[in-house]
Undergrad: 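Take a look at the following structure, please.
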Amino acid sequence: MLPKKVEEALNHQIREEFYSSYLYLAMAAYFEDKSLNGFATWMKEQAREEVGHAMRIFNYVTDRRGRVILEAIPQPTTNFSSVQEVFEKALEHEQYITGKINELYALSVEEKDYPTQVMLQWFITEQVEEESTVEAILERVRLIGDHQPALILLDRELAARQSG
Ligand code: FEO
């Protein structure tokens, strides 16, 4: 039986993951507007993965005979002033999500909910990957600065991101 407190926290996390998807779609829309199609492709794939994260928790809650209650998704920021700012915000967001996953894990320990601890281990590993990937792109964007040809090259490179 899924402890009530854990069930509620998992429902909040489903919203966080859908919000992440929404935020990355907003970032993709910004890139599309700037004709940076590679960056847009990368962000759309990121958004797709976030729906996968939300559904992983959704399915887990139902497998544990819990009740999924979908919460309202806030409007994401749509105003960005540069590519660098987008990736700074993306990194900030992933760090926030890591904090949420850690809080969830701490709660499942407190509630002696062992299956949830096992389920969350996938997310703990995933967050290391998420932060590191975004950080690596941000570092390159910072190095590129105002050098447009280098930015176009990175855009082409990011266009190659595979879904999976
Ligand atoms: Fe679902 Fe990017 O963390």
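For the numbers below, each heavy atom of this structure counts, side chains included, while hydrogens, waters and symmetry mates do not. Ligands are counted one by one from 1 in listed order, and the atoms in each one are counted from 1 as well.
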Undergrad: Among the N/O/S atoms of His53, select the one at the shortest distance from atom 1 (Fe) of ligand 1 and name it.
TA: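 Minimum-distance N/O/S atom of His53 relative to atom 1 (Fe) of ligand 1 is ND1.
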Undergrad: Would you say Ser21's side chain and Glu17's backbone share a donor-acceptor pair under 3.5 angstrom?
TA: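 Checked: no pair found.
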Undergrad: I'd like to know if Lys5 and Glu8 make a salt bridge, using a cut-off of under 4.0 Å between side-chain N and carboxylate O.
TA: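 Salt bridge: no.
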Undergrad: How many angstroms lie between CZ in Phe123 and CG in Leu104, if you round to the nearest 0.5 Å?
TA: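 Rounded to the nearest 0.5 Å, the CZ-CG separation comes out at 9.0 Å.
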Undergrad: Rounded to the nearest 0.5 Å, how far apart are CD of Glu130 and CD of Glu50?
TA: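 So the gap between those two atoms works out to 5.5 Å.
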Undergrad: Looking only at N, O or S atoms in Glu17, which is nearest to atom 1 (Fe) of ligand 1?
TA: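 Nearest N/O/S atom: OE1.
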Undergrad: With atom 2 (Fe) of ligand 1 at the apex, how many degrees lie between OE2 of Glu130 and OE2 of Glu50, rounded to 10 degrees?
TA: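 If I round to 10°, I get 100°.
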Undergrad: Kindly confirm whether atom 2 (Fe) of ligand 1 is within less than 2.8 Å of some N/O/S atom in Glu94?
TA: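 Within the cut-off used here (under 2.8 Å), Glu94 does place an N, O or S atom near atom 2 (Fe) of ligand 1.
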